[in-house]
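Contents: one structure, followed by commentary.
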Amino acid sequence: VTTATHDVPRAPAADDESAVREYVHVWDRVVRSTHWLIFLSIVVLSVTGIYIGHPFLIVAGRARDHFVMGTMKVVHFYTAIVFTLAVLSRILWMFIGPHPARWDQFIPVAKARRQAFVDTLKYYFWMRPRAPVVSGHNPLAGLAYAGVFLLYLVMIATGFGLYSLNAAYSSPMIYFHFLLAVFGGAQMSRWIHHAVMWLLIAFFVHHLYSAILFSAVEKAGAIESIFSGNKWLPRGLMNREKRAAHRARERERHE
Ligand code: HEM
Ligand code: HEM
C-alpha cells in the first residue's frame, strides 16, 4: 500500500492477487434492510404507479364490484409509507451510523476519497488498468447513490403533494399541498413523479451492471455483501480508513 500526500492511505488496486484478505463486516443491518425494503417498495410502487398513470386493465362491470384502480392506489399508498420510512431512516443513519454507512461515504469530502473518485472514473474510461478498492462504497458509486437519494426525496415530495389533492379535509395530509407549488403545479408534479420513476429504473440497470463488474474485478464479494454484510478486503484496509477518517475529523475540530 502506498501512502498519499497526507497520512491517508491510497486505495490499493482492486485485483491485487497478492493482497492478504480478511472477511470484514461492512454493511450493518440498517444499511441492508433499508436497501432491500427500498428495492421491494420501488418494484411495487412502479407496477402500481404505471397502472395509475395508464390503467391497462379494463374490467367489465361496476367499479365497486372489482375496484381495480382503488386497489392499485391503496397498495401504492401503503407501500409509499414503507418507502418513505426506509428512506428517512437510512438518511438519519448516515449521521449516526458506523463508518461505512456515513454521509461522507456519499459526498467525497476527504482527500483520499476524492483521489479514489478520480481513479475510479479513469478506470471506467479505460485510462487506468485497475480500479481502486475501498472498504465501503466506491466513491463514484457513493456520489451516484447521493443522487439516487435525492431522487427518492423528489418521489416522496411529489407523491405527498399529489396525495394532498384527494386527501379528506380533516386529514393532516392536506398540509402537503404546498409541495405542488414547489414543483410547478399539480400537472408538473405528476409529470416529475412519473419521469423520475424511469430515472430510477435506468439507474437500476446500470447499478446491476456495475455491481456485477465490481464483483468480478474486486473479488471482494460485492454482490454477496448487500445480503450478508461481509466483504473480502485487503487485510487492515477498513481499520486504516476508519483511523484516517477519525484523524481528519479531529484535525477539523482543532482548526
Ligand atoms: C420510487 C417510488 C415511487 C414510484 C416509482 C411511483 C410511481 C408512480 C407513478 C408512475 C404514478 C402515476 C403518475 C402518472 O403517470 O400520472 C404515481 C402516482 C401517484 N403516486 Fe407514486 N410513486 C412512488 C412513490 C410515491 C410516494 C412516496 C407517494 C407518497 C404518498 C406516492 C403517491 C402517489 C400519488 C398520490 C399518485 C397519484 C395518484 C392519483 O392520480 O390519484 N408515490 N406514482
Ligand atoms: C430499484 C432497485 C435498486 C436501487 C434503487 C438500489 C440502490 C442502491 C443504493 C442507494 C445503494 C447504497 C446503499 C446504502 O448505503 O444505503 C445500493 C447498494 C448496493 N446495491 Fe442496490 N439498489 C437496487 C437494487 C439492487 C439489486 C437488485 C442488487 C443485487 C442483487 C443490488 C446490489 C447492491 C449492492 C451489491 C450494493 C453495495 C455496493 C457498493 O458497495 O456500492 N441493488 N443500492
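Both ligands and their constituent atoms are indexed starting at 1 by order of listing. All residue numbers in this chain count up from 1 along the given sequence.
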query: Does Leu208 reach ligand 2, in the sense of a heavy atom lying below 4.0 Å from it?
result: yes

For atom 36 (C) of ligand 1, the protein heavy atom that lies nearest, with its residue and separation: Leu162 CD1, 4.1 Å

task: Measure up the His207 and His35 rings against each other and bin them: parallel (under 30°), tilted (30 to 60°), perpendicular (over 60°).
output: tilted

Identity and separation of the nearest protein heavy atom to atom 11 (C) of ligand 1: Gly49 O, 3.5 Å

- prompt: What protein heavy atom sits nearest atom 41 (O) of ligand 1, and how far away is it?
  reply: Lys73 NZ, 2.7 Å

query: Please state which protein non-hydrogen atom is closest to atom 34 (C) of ligand 1 and give its distance, to 0.1 Å?
result: Phe77 CE2, 3.7 Å

- prompt: When you measure from atom 5 (C) of ligand 1 to every protein heavy atom, which one gives the shortest distance, and what is it?
  reply: Met197 CG, 3.4 Å

message: Quick check on contacts: which atoms of ligand 2 are under 4.0 angstrom from a heavy atom of Trp27?
response: 40 (O)

- request: Could you tell me whether a side-chain N or O of Lys73 sits under 3.5 Å from a main-chain N or O of Ile52, the two making a donor and an acceptor?
  value: no

- prompt: Under 3.5 Å, is there a donor-acceptor pair between the side chain of Lys231 and the main chain of Gly136?
  reply: yes

query: To the nearest 10 degrees, how large is the angle at atom 21 (Fe) of ligand 1 between His76 NE2 and His193 NE2?
result: 180°

statement: For atom 31 (C) of ligand 1, the closest protein heavy atom turns out to be Gly159 CA, 3.5 Å

Exam field: side chain Thr34 to backbone Arg90, donor-acceptor pair closer than 3.5 Å: no

query: So, the side chain of Glu22 versus the backbone of Gly236: is there a donor-acceptor pair under 3.5 Å, distance only?
result: yes

statement: shortest atom 35 (C) of ligand 2-to-protein heavy-atom contact is with Ala222 O, 3.3 Å

- request: Determine, stepwise, if the pair Val148 / Phe204 fulfils side chain to side chain contact (heavy atoms under 4.5 Å, CB included).
  value: CA-CA 10 Å; Val148 169; Phe204 171 61; over 6 Å; no

- request: Would you mind checking which non-hydrogen protein atom is closest to atom 3 (C) of ligand 1, with the distance to 0.1 Å?
  value: Met155 CE, 3.4 Å

message: Between Arg102 and Gly97 (side chain of the first, backbone of the second, donor and acceptor by atom type, cut-off under 3.5 Å), is there such a pair?
response: yes

query: Just which atoms of ligand 2 are under 4.0 Å from any heavy atom in Tyr152?
result: 5 (C), 7 (C), 10 (C)

- prompt: Which residue supplies the protein heavy atom nearest to atom 30 (C) of ligand 2, what is that atom called, and how far is it?
  reply: Trp36 CH2, 4.0 Å

- line: So the atoms of ligand 1 within less than 4.0 Å of a heavy atom of Tyr163 turn out to be 35 (C)

field: Where ligand 1 meets Ala80 - atom numbers and elements under 4.0 angstrom, heavy-atom basis
entry: 26 (C), 27 (C), 28 (C), 29 (C), 30 (C)

statement: Quick note on ligand 1: atoms under 4.0 Å from a heavy atom of Leu200 include exactly 1 (C)

message: For a 4.5 angstrom cut-off between non-hydrogen side-chain atoms, does Phe176 reach Met173?
response: yes

field: Arg235 (side chain) donor-acceptor with Val20 (main chain) under 3.5 angstrom
entry: no

- line: Quick note on ligand 2: atoms under 4.0 Å from a heavy atom of Phe203 include exactly 4 (C), 5 (C), 6 (C), 7 (C)

Ile223 touching ligand 2 at heavy-atom level, < 4.0 angstrom: yes

message: For Phe183 and Trp191, I'd like to know if the aromatic rings sit close, meaning centre-to-centre distance below 6.0 Å.
response: no

message: Given 3.5 Å as the limit, does a donor-acceptor pair link the side chain of Arg114 with the main chain of Val109, or not?
response: yes

query: Numbering the atoms of ligand 2 from 1, which are under 4.0 Å from a heavy atom of Phe149?
result: 10 (C)

message: Are Phe77 and Tyr163 an aromatic pair, judged by ring center distance below 6.0 Å?
response: yes

Distance from atom 16 (O) of ligand 2 to nearest protein heavy atom, with residue and atom: Arg90 NE, 2.5 Å

- request: Check whether any side-chain N or O of Arg113 sits under 3.5 Å from a backbone N or O of Gln105 as a donor-acceptor pair, and report yes or no.
  value: yes

- prompt: With sequence neighbours excluded, what pairs up with His137 under the ring-ring contact (aromatic ring centres under 6.0 Å, His included) test?
  reply: Trp27, Phe106, Tyr145

message: A side-chain contact here means heavy atoms from C-beta on lying under 4.5 Å apart; do Leu233 and Tyr23 qualify?
response: no

message: Only heavy atoms of Phe106, strictly under 4.0 Å: list the atoms of ligand 2 that pass.
response: 15 (O)

- line: Excluding water, the protein N, O or S atoms sitting under 2.8 Å from atom 21 (Fe) of ligand 2 are His35 NE2, His207 NE2

- prompt: Heavy atom of Trp93 under 4.0 Å from ligand 2?
  reply: no

Closest protein heavy atom (residue, atom, distance) for atom 2 (C) of ligand 1: Leu45 CD1, 3.4 Å

query: What protein heavy atom is closest to atom 9 (C) of ligand 2, reported as residue, atom name and distance in Å?
result: Tyr145 CD2, 3.7 Å

message: Is it the case that ligand 1 has an N or O less than 3.5 angstrom from some N or O of His194?
response: yes

field: Check: Arg29 main-chain N/O paired with Ser33 side-chain donor or acceptor under 3.5 Å
entry: yes

message: Quick one, Val31 and Pro100 - any side-chain contact, counting heavy atoms below 4.5 Å?
response: no

- request: Indicate yes or no: at least one non-hydrogen side-chain atom of Tyr152 is less than 4.5 angstrom from one of Leu200.
  value: yes

message: I'd like to know if the side chain of Trp36 and the backbone of Ile226 have a donor-acceptor N/O pair within less than 3.5 Å.
response: yes

- line: Here the atoms of ligand 2 under 4.0 Å from any heavy atom belonging to His137 are 12 (C), 13 (C), 14 (C), 15 (O), 39 (C), 40 (O), 41 (O)

- request: Check ligand 1 against Ile52 and write out every atom of the ligand that is under 4.0 Å from a heavy-atom position of the residue.
  value: 38 (C), 39 (C), 40 (O)

